[in-house]
Amino acid sequence: MTPETKRTAFWRVDGSCPDPEIIRRAGSVLRRGGLVAFPTETVYGLGANALDGRAVESIFTAKGRPRDNPLIVHIAGIEMVCRYAGFVPEKARRLMERFWPGPLTLVLPGSDKIPKEVSAGLSSLAFRMPDHPVALALIREAGVPVAAPSANLSGKPSPTTARHVYSDLNGRIDVILDGGPAGMGVESTVLDATGDVPVVLRPGGVTPDQIRETAGAVVLDKSLADGATAPGRPRSPGMKYRHYAPSAPMVLVEGDRARVVEEIRKLAAGYAGRGKRVGVLCREESRDAYGGVLTVPAGAVCDHASVAASLYDALRRFDGSGVDVILAEGVDPRGLGLAVANRLRRAAGRIVKAD
Ligand code: TXA
Ligand code: MG
């Protein structure tokens, strides 16, 4: 069966107090090997029973995801990690107690209790306990760990609403649970906690400074060095793919705010002169700075959380807008800005430094 032939059910649920009957039906779809998209506090996930290799395999088909990119196992309590991880190092346990439920994924030693489709053959396994009433109720109801990547077609921006999921995966999955917009808007921090010093493989909702407070020390994977789009071989397989990308090519302009706006104006004039339709991904403060071109604002300059929350929706809005090229304002990579800057870099085909 091709992935497009399923009838996808779209069920609305209260995001803070989900109807137990709907959760019961969705849990039973998961237990029977089906695919259920659900909201989390970061982005929407596409879940399958992590103990069922065939169900997990069908996630890769539905998303068009490369088979070598492992999935995160979503659990509803620390005891589930103890049951399915090979081993839980002391530092990892402290991080779970401090940050779960929440946007921190911990890479731990794997075990043969979870089928190899989940870890894509790696000896480690990633675990996360999402901080969302619908996600937690669904995992508890299913009674099994739930393997779930973001619920988008591979390469597209992650979905922050059920509508985004529908537009990418309608006809390919069994159920979409619409619990309202995901709060944070960027994915969890992926942290390798298998060694003495934890390593950030993907920046996200929990910042390196917060991790340092609990773990004593933390380092960033080499592929996250300033300006790097992922040279060499990142330790998180997913980080080697271009990702989060709108259909039109995107040029990211980084540097001092005033210089960034000036540089984008110049680039826009150049593209327009060559007959190209230009779109600008900007901040609220600069939405009127680029007369005559389509501007899509995502958040405010000093409020990284507001940029994170609206970034993927803004990127998706360029699809179907008819623009030939997108010029994007960079963000200051501090705090949560590190995650936002990382996603912008990975979505961009070219990065220009404005200072
Ligand atoms: O916030 C999130 O993390 C969302 C929600 C749905 O939980 N999920 C998500 O999943 O973003 P996905 O599959 O789109 O991204 C998971 C990332 C990928 O970059 C993958 O390579 C990495 O985690 N990953 C998974 N297992 C790993 C492992 N054992 N070792 C290293 N990286 C791993
Ligand atoms: Mg993803």
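Whatever order the structure lists them in is the order used to number ligands and atoms, beginning at 1. Remember, predicted model here, so these are calculated numbers, not experimental data.
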>> Under 4.5 Å between side-chain heavy atoms, counting indirect links through other Ile/Leu/Val/Met/Phe/Trp/Tyr residues: same cluster for Ile72 and Leu153 or not?
In response: no
> Which of the numbered atoms in ligand 1 are below 4.0 angstrom from a heavy atom of Val190?
Replying inline: 23 (O)
> Can you tell if the side chain of Asn152 reaches within under 4.5 Å of the side chain of Tyr312, non-hydrogen atoms only?
Replying inline: no
> Just checking, Arg128 and Phe99: is the charged tip under 6.0 Å from the six-membered ring centre and within 45° of the axis?
Replying inline: no
> Does any N or O in the side chain of His304 come within less than 3.5 Å of the main-chain N or O of Asp332, such that one atom is a donor and the other an acceptor?
Replying inline: yes
> Is Ser150 close enough that one of its N/O/S atoms sits under 2.8 Å from the Mg ion (ligand 2)?
Replying inline: yes
>> Below the 3.5 angstrom mark, is there an N/O of Glu187, backbone or side chain, next to an N/O of ligand 1?
In response: no
> Any N or O on Lys63 sitting closer than 3.5 Å to an N or O of ligand 1?
Replying inline: no
> What's the verdict on salt bridge (Lys or Arg N to Asp or Glu O under 4.0 Å) for Arg212 and Asp209, showing C-alpha distance, side-chain angles and the deciding distance?
Replying inline: CA-CA 5 Å; Arg212 192 172 296 112; Asp209 284 344; 2.7 Å; yes
> Quick one: which ligand 1 atoms are inside 4.0 Å of a heavy atom on Gly45?
Replying inline: 6 (C)
> Looking only at heavy atoms, is any part of Leu201 under 4.0 Å from ligand 1, and if so is it the side chain, the backbone, or both, or is it neither?
Replying inline: side chain
> Counting each atom of ligand 1 from 1 as listed, which ones have a heavy atom of Asn69 under 4.0 Å away?
Replying inline: 18 (C), 20 (C), 21 (O)
> Do any nitrogen or oxygen atoms of Ser124 come within less than 3.5 Å of a nitrogen or oxygen of ligand 1?
Replying inline: yes
> Which ligand 1 atoms, with their elements, are less than 4.0 angstrom from a heavy-atom of Ser150?
Replying inline: 8 (N), 9 (C), 10 (O), 12 (P), 14 (O)
>> I'd like to check whether Arg202 has a polar contact with ligand 1, where a contact means an N/O of the residue lying under 3.5 Å from an N/O of the ligand.
In response: yes
>> Could you check whether any side-chain N or O of Ser188 sits under 3.5 Å from a backbone N or O of Pro103, counting only pairs where one atom can act as donor and the other as acceptor?
In response: no
> What atoms of ligand 1 come within less than 4.0 Å of a heavy atom belonging to Leu122?
Replying inline: 28 (C), 29 (N), 30 (N)
> If you measure from the Lys or Arg side-chain nitrogens to the Asp or Glu carboxylate oxygens, is any gap between Arg54 and Glu117 under 4.0 Å?
Replying inline: no
> Atoms of ligand 1 less than 4.0 Å from His74 heavy atoms?
Replying inline: 5 (C), 6 (C), 7 (O)
> Please walk me through it: do Glu262 and Arg265 pass salt bridge (Lys or Arg N to Asp or Glu O under 4.0 Å)?
Replying inline: CA-CA 5 Å; Glu262 196 182 306; Arg265 278 205 192 112; over 6 Å; no
>> Checking contacts here: is it the side chain or the backbone of Arg65 that comes within 4.0 Å of ligand 1, counting heavy atoms only? Could be both or neither.
In response: side chain
> Is the CZ atom of Arg94 crowded by more than 12 outside heavy atoms at less than 6.0 Å?
Replying inline: yes
